[in-house]
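Taking it in order: structure first as structure tokens, then the write-up.
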Amino acid sequence: MRYFVVSFYIALKCFFDNTFKKINSISKFFREKLTPRSMNLRILFAILHLQRFLKLTGKNKNKCADVAGENIRCLLGPDRKINFVWLTQRREALDYAATFGRDEKIMAQLDDCAAQLNKIVKPLHDMGSPVVLAPMHMVSDILSGIVAGKAYPGNGTVIVSANAEAYQSEDRRRGGVNLTYCSIHGNNEGIAENIMSACLSAAKHDTNIIIFPDIVPEYTYKTGATFSSRINCTMFGRKASLHSGVFRLAKVISAKVIFFYLYYEDGIKIHIHPPMDKKEAFTSMPGLIESAIREHPQDWLLWHLHSLYFINH
């Protein structure tokens, strides 16, 4: 009897797993093929809420949400509740709306954010200072890149920790932004050549360097980098490590650093910090990252990473 019960349970579980995979495939197909011009973003959000209610978001998202929930509890306390699955769903929907979908409302919000950023960036270039833009992983890294790329001179080189072509050229074109990507993965000679080329262009005011300051040390390890690429600091009352790329690049080209992040409150909005030199950026960066996470934890995308900034050697 027990054998038949177990066999029935396994068969039923396999049936539902296969069914959910097919439903997710169909859902993905419609997300890719239907633009927000034919599907309002509010309707798309409603579909994603239904998908989450029916628990059709997939095992990977749910596992990431479990890790995120524990990290949130440890750093912000047990009373702070954030739906990480919805955070990732919303990011995907906004990315889609801003690139393939060309949603007019989202594009207008991004243009407004870019205009605010440009009011700070252009005067620095006019004064002869190169610029390093330091957006945080809030709301969407792709949307942050779009906003940064729209600032004067209208070009941006993004230093990324993953495949440099993850954000496809067609999506960049549809997003109305001129961005190039430089990956820190690969052979050391290639990395150095690409970064130096980007720095020369930035020094000539042909582009802005864009690098995410809240990148976690896990990515530094993946590149095989040594401890020299990180700085020790204190965040959330704990010993922490941050990547030093922001002020190292600023030092190379004598650039001003502008930290900013997007947040979502009835639309996409932007918070911009005043320009800083490399020394100010060095001392201020841990506090800026922590304050952004505390003020807008529902928008931060990296909650699911296991060690965050607190690797115990």
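What you see below is based on every heavy atom in this structure, not just the backbone, and it leaves out hydrogens, waters and symmetry mates.
Rounding to the nearest 0.5 Å places CZ of Arg90 at 6.5 Å from CG of Leu94. How far CD1 of Ile253 is from SG of Cys199: 5.5 Å, rounded to the nearest 0.5 Å. Of the inter-residue distances, the one linking His271 atom NE2 with Gln116 atom CD reads 11.0 Å to the nearest 0.5 angstrom. In this structure, Lys269 NZ and Leu262 CG are separated by 11.5 Å, a value rounded to the nearest 0.5 Å. Separating the CG atom in Asn232 from the OG atom in Ser241 is a distance of 4.5 Å, to the nearest 0.5 Å. Here CG of Asp266 is found 9.5 Å from CD of Gln109. Values are rounded to the nearest 0.5 Å.
A heavy-atom distance below 4.5 Å is found between the side chains of Val67 and His306. The shortest distance between side-chain heavy atoms of Met138 and Leu301 does not fall below 4.5 Å. Residues Phe212 and Ser144 have side chains in contact (heavy-atom distance under 4.5 Å, counting atoms from C-beta outward). Counting heavy atoms from C-beta outward, Trp86 and Thr88 have side chains that stay 4.5 Å or more apart. Put simply, the side chain of Glu70 reaches to within 4.5 Å of the side chain of Cys74, judged on heavy atoms.
Taking both residues in full, the closest heavy atoms of Phe310 and Lys239 are given as CD2-O, 3.3 Å, listed atom of the first, atom of the second, then distance. The two atoms that bring Val216 and Leu308 nearest to each other are CB-O, 3.6 Å, heavy atoms only. Counting all heavy atoms, side chain and backbone alike, Asn71 lies closest to Leu305 at ND2-O, 3.0 Å. Closest of all the heavy-atom pairs between Pro135 and Pro213 is O-CD, 2.8 Å. The nearest pair of heavy atoms linking Arg80 to Pro297 is NH2-CG, 3.3 Å. Residues Ile146 and Ala98 share a closest heavy-atom pair of CD1-CB, 4.4 Å.
A donor-acceptor pair is defined here as one N or O able to donate and one able to accept, closer than 3.5 Å; no such pair exists between the side chain of Thr234 and the backbone of Gly237. The backbone N or O of Leu48 lies less than 3.5 Å from a partner atom in the side chain of Gln89, making a donor-acceptor pair. In terms of modelled atom types and a separation under 3.5 Å, the side chain of Ser291 and the main chain of Gly287 share a donor-acceptor contact. In this structure, Ser201 contributes its side chain and Ser197 its backbone to a donor-acceptor pair below 3.5 Å. Formation of a donor-acceptor pair under 3.5 Å by the Glu290 side chain with backbone atoms of Met235 is not found in this model. Checked by atom type and distance alone, the side chain of Lys119 never pairs as donor or acceptor with a backbone atom of Ala115 at under 3.5 Å. Between the Gln298 side chain and the Ile82 main chain, no donor and acceptor come within less than 3.5 Å of each other. Within the 3.5 Å criterion, the main-chain N or O of Val132 finds no donor-acceptor partner in the side chain of Asn208.
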Checklist entry - Which is it for Arg91 and Asp299 under the salt bridge (Lys or Arg N to Asp or Glu O under 4.0 Å) test, yes or no, and what are the steps along the way? => result CA-CA 9 Å; Arg91 181 201 66 199; Asp299 294 318; over 6 Å; no
Item to check | side chain to side chain contact (heavy atoms under 4.5 Å, CB included) evaluation trace for Phe260 with Leu133 | outcome: CA-CA 8 Å; Phe260 74 90; Leu133 295 174; 4.2 Å; yes
Checklist entry - Does the pair Leu110 and Leu143 meet the rule for a side chain to side chain contact (heavy atoms under 4.5 Å, CB included), with working shown? => result CA-CA 8 Å; Leu110 294 178; Leu143 298 190; 4.0 Å; yes
Item to check | Test side chain to side chain contact (heavy atoms under 4.5 Å, CB included) applied to Leu124 and Ile258, step by step | outcome: CA-CA 10 Å; Leu124 292 175; Ile258 300 176; 3.8 Å; yes
Checklist entry - Step by step, would you call Met136 with Ile289 a side chain to side chain contact (heavy atoms under 4.5 Å, CB included)? => result CA-CA 8 Å; Met136 300 182 198; Ile289 294 174; 4.2 Å; yes
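With no hydrogens or angles considered, no side-chain donor-acceptor pair links His243 and Asp214 at under 3.5 Å.
For NE2 of His49, the number of neighbouring non-hydrogen atoms (other residues, nucleotides, ligands) closer than 6.0 Å is greater than 12. For Lys251, the NZ atom counts as loosely surrounded, since its 6.0 Å shell holds 12 or fewer non-hydrogen atoms of other residues, nucleotides or ligands.
We find that Lys61 and Glu92 are joined by a salt bridge, their nearest charged nitrogen and carboxylate oxygen being less than 4.0 Å apart.
Val85 and Phe53 fall into different hydrophobic clusters, where Ile, Leu, Val, Met, Phe, Trp and Tyr side chains are chained together by heavy-atom contacts under 4.5 Å. In this structure, Tyr152 is not a member of the same hydrophobic cluster as Ile209, with clusters built from ILVMFWY side-chain heavy atoms closer than 4.5 Å.
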Report, one line per pair, each donor and acceptor closer than 3.5 Å where one atom sits in a side chain of residues 273-282; sequence neighbours left out.
| unit_1 | atom_1 | unit_2 | atom_2 | d |
| --- | --- | --- | --- | --- |
| Asp277 | OD1 | Lys279 | N | 3.1 |
| Asp277 | OD1 | Glu280 | N | 2.8 |
| Glu280 | OE1 | Asp277 | N | 3.0 |

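If you look at Phe84 and Trp300, their ring centroids are not closer than 6.0 Å.
For His296, the ring pair (Phe, Tyr, Trp, His ring centres under 6.0 Å) test picks out Tyr261, Tyr263, with sequence neighbours left out.
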